[in-house]
J.: 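I'd like to ask you about the structure that follows.
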Amino acid sequence: MLGTLLCYVLLPLTRLGRALHDALFTCRKNVLLAKSATTHIDNFSASVSGKPVSEEQQALLQQWLEEGAGEVHPHESASKPEKVSAVLATEWREGPELLMTSLSDLNISPESGDQEQPQQQYVDQTEVSPELQEFVETTLSNLPAEERDALGDNAIWTAVRTHAAPQIVDASPLSTEVWIEDPAVLAWSPAQESDVGSVEGGMWPFQNTGQFQPLPIEIPYHEILWRDWEDLSAQACIPELGSDGSSLFEFRVMSYNILAQDLIEQSPHLYMHCHPDILNWSYRLTNILQEIQHWDPDILCLQEIQENHFWEQLEPALTMMGFTCIYKRRTGRKTDGCAICYKQNMFQLISSNPVEFFRPGLDILNRDNVGLVLLLQPLLPEGLGDKAVSPLCVANTHVLYNPRRGDIKLAQMALLLAEIDKTAKMADGSYCPIILCGDLNSVPDSPLYKFIRNGQLYYHGMPAWKVSGQEELCQNLHQRKLLTPLWPSCLGITDNCQYATLCQSKKSDRRKYSRAFLLQFRYCDAACERPSGLVLLEGVTDAIPDCPAYWPKEPIVVNNSDSELFCSSYPGSIQHVLNLTSVYNHFLPTRGRPEITTMPMGVGATVDYIFYSAKPIKNDNLECPRLYQDGALKLLGRLSLLSEDILWSANGLPNPFYSSDHLCLLASFGLEISSF
Ligand code: KL2
C-alpha cells in the first residue's frame with residue numbers, strides 16, 4: 001500500500017516539483033542575465049529557409065541560436081570537400097586564430113553579412129524536428145512570455161574571450177553588476193578581498209586555509225580557466241598532398257564526464273564546496289551544451305549521462321547540433337551511462353557494440369559499468385571517387401571508481417579491449433585506427449595505464465589497490481592480491497584480451513592451463529603411466545595410445561602469434577596487441593605541474609583519457625615504456641588541460657564556468673586518405 005502510494009503519487013509529485021524548480025531557476029537566472037549587455041539578436045529573420053515561422057518558433061530558434069547551440073562554425077557548415085582538407089588548406093585554424101574564429105562565431109549576429117550563410121545552412125540542416133520542437137516547447141511552456149524572451153541571454157560561454165582581448169571584464173556577463181544577484185555567483189562572498197591576480201603569485205585560497213573558501217564575486221572564470229589550443233600539426237608527419245590538395249580526413253574528438261545529477265544527489269558531501277545553484281541540472285545542462293557547441297567536436301564520447309536527461313534533453317539538443325547519438329546505460333539500478341555521438345555529415349555507422357561489464361556469477365565482474373564500441377566510416381566528399389579512407393573504431397567507457405578494486409578495473413578493461421579488438425580487426429587481420437576515450441578511474445603511470453599504453457602487464461601478486469594508482473585515496477589495509485588467472489577461462493577472453501574462439505569449456509576454472517602448456521605433456525612418460533589403482537575397463541583404460549609416425553618427438557611449440565591457440569604467453573600477465581598511446585602527456589611543461597582532468601574533494605588527478613592507435617618504434621629495452629610515432633591516424637592538436645593550482649583558484653570543480661567535476665578532453669586528428 002505504502003509502496004504503491006510512493007510509486008504512483010509521491011514520486012511523480014517529487015519529479016514534477018523538481019522540474020518546476022528547475023524551470024523557475026533557469027528563468028530567474030535568465031531574467032538576471034537579460035540585464036547584462038550580452039550579445040542579442042535583434043531582428044532574427046521571421047522566415048527561416050524560406051518558410052514562415054510562428055512568433056513562438058522564432059523565439060525558440062532565436063533562443064537556441066543565442067545560447068550558442070544553434071550555431072555552426074564556418075568549418076562545420078563548409079561543404080565536405082573543404083572539411084576534408086589537407087593541413088595546408090585547412091579551415092581548422094591554429095592556436096589563437098582558431099579560438100578567435102570559434103569565439104567570434106559564438107557571438108555572431110545574423111546581421112553580419114558573411115555569417116548569414118552558416119546560420120541559414122544550419123536551420124536548413126535541422127528542419128527543426130517535431131521532437132526537438134516539443135522538447136524546446138515543453139521546457140519553456142510554463143514560463144511567462146517576458147521570462148521566455150529573456151532565455152536568449154543565458155550564454156555564459158559567450159563570456160569567453162580570446163587572449164588577444166581578455167581583460168574586458170565589464171563587457172562580459174560575469175561582471176559584478178549582473179552576477180552579483182545571480183545564483184551562480186552568490187556562492188562567492190563579496191567580503192573576500194583576495195585578488196584574482198594572486199593566481200599567478202601562487203596564493204591559492206585552498207592552500208592558505210586547507211579548506212574551500214569563498215572567492216570574490218568578480219571572478220573572470222573564463223580567463224583564469226583559459227585553455228590553450230596546442231597545434232601539433234607541425235610535428236605530425238603529413239603525407240604528400242594529393243592532386244586535389246587533400247590528404248587527411250580531419251576530425252575532432254571530445255571526451256567528457258558530465259557528472260550525473262543522481263550521483264550529486266547520492267553523494268552531496270562531495271560537492272559541499274559548491275553553491276547549490278551551480279549544481280542545479282538546468283544550469284549545468286545549459287553550460288555543458290554551450291561548451292560542447294563551442295568546441296564543436298565531430299565525435300563526442302560522454303560519460304555519466306543520466307538516462308532521462310539523455311533522452312529528454314541531451315539527445316534532442318545534440319541532434320540539433322548535427323550529431324547522431326548511441327547510448328548505453330549502466331546495468332543494475334544505476335541511472336547513468338555512456339554515449340558516443342558522431343556528426344552525421346562526417347561519419348556513417350558501420351556497427352555499434354555495447355559492452356556490459358557485469359557478468360553474473362563472476363566476482364571479478366560483478367559491477368555495473370559499461371562500455372560502447374562503434375565502427376564508423378568517415379564520409380569523404382563527393383568527387384573523390386578514387387580515394388578511400390579506412391573505418392575508425394571509437395570506444396568509450398567509464399570504469400569502476402572503487403580505488404581498492406583494481407582487479408575489477410583490469411577485467412573491465414580486458415572486456416572492452418576484446419570488443420575493440422573484434423570491432424577494429426579487418427578482414428586481412430590488420431586493425432583499423434582506434435580511438436579509446438573514457439574515464440578509466442586510474443592515474444597516469446598506474447599499472448592499468450601502463451597496461452593500455454605498453455600492451456602488457458605482469459599482475460601476479462600485485463595488491464589490488466595498486467592497479468589504479470589512487471592509493472592515496474584508499475587505506476592500504478586491504479590486501480586483496482591479484483592471482484593467476486585474473487579471470488576464469490569461461491569468460492571467453494584470452495590473456496591477450498581477445499575473444500577465445502577455441503575456448504572449450506563453459507565450466508569455470510577447468511581450463512587453468514593454456515592449450516600450449518598442456519600439449520607438451522600429451523605423450524610424456526608420466527602421462528602414459530598407468531596409475532597402480534586404476535580399474536581395468538576393457539578397451540577404455542587398458543588402451544595404450546599409438547604414436548603415429550607424423551607426430552613430433554619433441555613437445556609441440558605453439559606459435560604465439562596465433563592468439564587463438566594459447567591463453568597465456570607468460571602466466572600471471574595480460575597483454576593486448578592494439579598499439580595505443582595517449583593524446584595528452586599528463587604534464588604541463590610550462591607550469592611544471594601535472595595535468596588535471598578531475599578534482600574529487602579538491603584533489604586534482606588525471607583519470608580521463610583519449611588513447612589512439614599509433615606505430616610503435618622498435619625498442620629492444622623491454623623495461624622502457626613503449627615509444628610511438630603517428631601512423632595512419634595523426635594527432636594534429638589538443639586542448640590543453642589545467643593544473644591543480646589553477647582549478648583551486650576557481651574553487652575547484654564544478655564551478656560556475658565548468659559545470660562538471662571533470663574537464664573535457666579535446667583532440668584534433670587527421671586520418672590518411674589513400675588512393676585505390
Ligand atoms: O571518478 V568519477 O567519481 O568519474 O568522478 O566515477 C565515480 C566517482 C562515479 C560513478 O560511480 O561516482 C563517483 N567517493 C567518491 N566518488 C565516488 C564514490 C565514492 N565513494 N563512489 C562513486 N563515486
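Numbering of residues begins at 1 and proceeds along the displayed sequence. Just follow the structure's listing: the first ligand is 1, and inside any ligand the first atom is 1.
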J.: Does a side-chain heavy-atom distance below 4.5 Å link Leu225 with Leu647?
T.: yes

J.: Under a plain distance cut-off of 3.5 Å, with no hydrogens placed, do Asn369 and His398 share a side-chain donor-acceptor pair?
T.: no

J.: Run the numbers for me: atoms of ligand 1, each under 4.0 Å from some heavy atom of His662, listed by number.
T.: 2 (V), 4 (O), 5 (O)

J.: Look at atom 22 (C) of ligand 1 and say which protein heavy atom is nearest, naming residue and atom and giving the distance to 0.1 Å.
T.: Tyr401 CD2, 3.9 Å

J.: Hey, which atoms in ligand 1 end up nearer than 4.0 Å to a heavy atom of Asp661?
T.: 5 (O)

J.: Please examine the side chains of Asp262 and Lys334, heavy atoms only from C-beta on, and report whether any two atoms are closer than 4.5 Å.
T.: no

J.: With a 4.0 Å cut-off on heavy atoms, is Val607 touching ligand 1?
T.: no

J.: Could you go step by step and tell me if Asp336 and Lys328 meet the salt bridge (Lys or Arg N to Asp or Glu O under 4.0 Å) rule?
T.: CA-CA 9 Å; Asp336 67 299; Lys328 176 63 192 163; over 6 Å; no

J.: Does Lys334 come within less than 4.0 angstrom of ligand 1, counting non-hydrogen atoms of the residue?
T.: no

J.: Please identify which atoms of ligand 1 are closer than 4.0 Å to at least one heavy atom of Glu304.
T.: 2 (V), 4 (O), 6 (O), 9 (C), 10 (C)

J.: Answer with yes or no whether the side chains of Asn454 and Gln456 bring together a donor and an acceptor at under 3.5 Å.
T.: no

J.: What protein heavy atom lies closest to atom 4 (O) of ligand 1? Include the residue and the distance to one decimal.
T.: Asp439 OD2, 2.2 Å

J.: With side chains defined as the heavy atoms from C-beta onward, is the minimum distance between Glu291 and Trp295 less than 4.5 Å?
T.: yes

J.: Does Leu270 approach ligand 1 within less than 4.0 angstrom via side chain, backbone, both or neither, non-hydrogen atoms only?
T.: side chain

J.: Can you tell me if His398 contacts ligand 1 (heavy atom of the residue under 4.0 Å from the ligand)?
T.: yes

J.: Report, in ascending order of atom number, the atoms of ligand 1 lying under 4.0 Å from any heavy atom of Asn441.
T.: 1 (O), 2 (V), 6 (O)

J.: Please evaluate residues Ile434 and Tyr612 with respect to the criterion side-chain contact (heavy atoms from CB on, under 4.5 Å), reporting the C-alpha separation (whole Å), side-chain torsions for both, the decisive distance (0.1 Å), and the verdict.
T.: CA-CA 6 Å; Ile434 297 161; Tyr612 70 104; over 6 Å; no

J.: Check each atom of ligand 1 against the heavy atoms of Asn257 and keep those under 4.0 Å away; list them by number with element.
T.: 4 (O)

J.: Pairing donors with acceptors under 3.5 angstrom, does anything connect the side chains of Gln313 and Trp281?
T.: yes

J.: Hey, which atoms in ligand 1 end up nearer than 4.0 Å to a heavy atom of Arg330?
T.: 10 (C), 11 (O)

J.: Considering only heavy atoms of Leu263, which atoms of ligand 1 have at least one such atom less than 4.0 Å away?
T.: 9 (C), 10 (C), 12 (O)

J.: When you measure from atom 13 (C) of ligand 1 to the protein, is at least one non-hydrogen atom found at a distance under 4.0 Å?
T.: no

J.: Examine Phe347 together with Phe251 and report whether their ring centres are nearer than 6.0 Å.
T.: yes

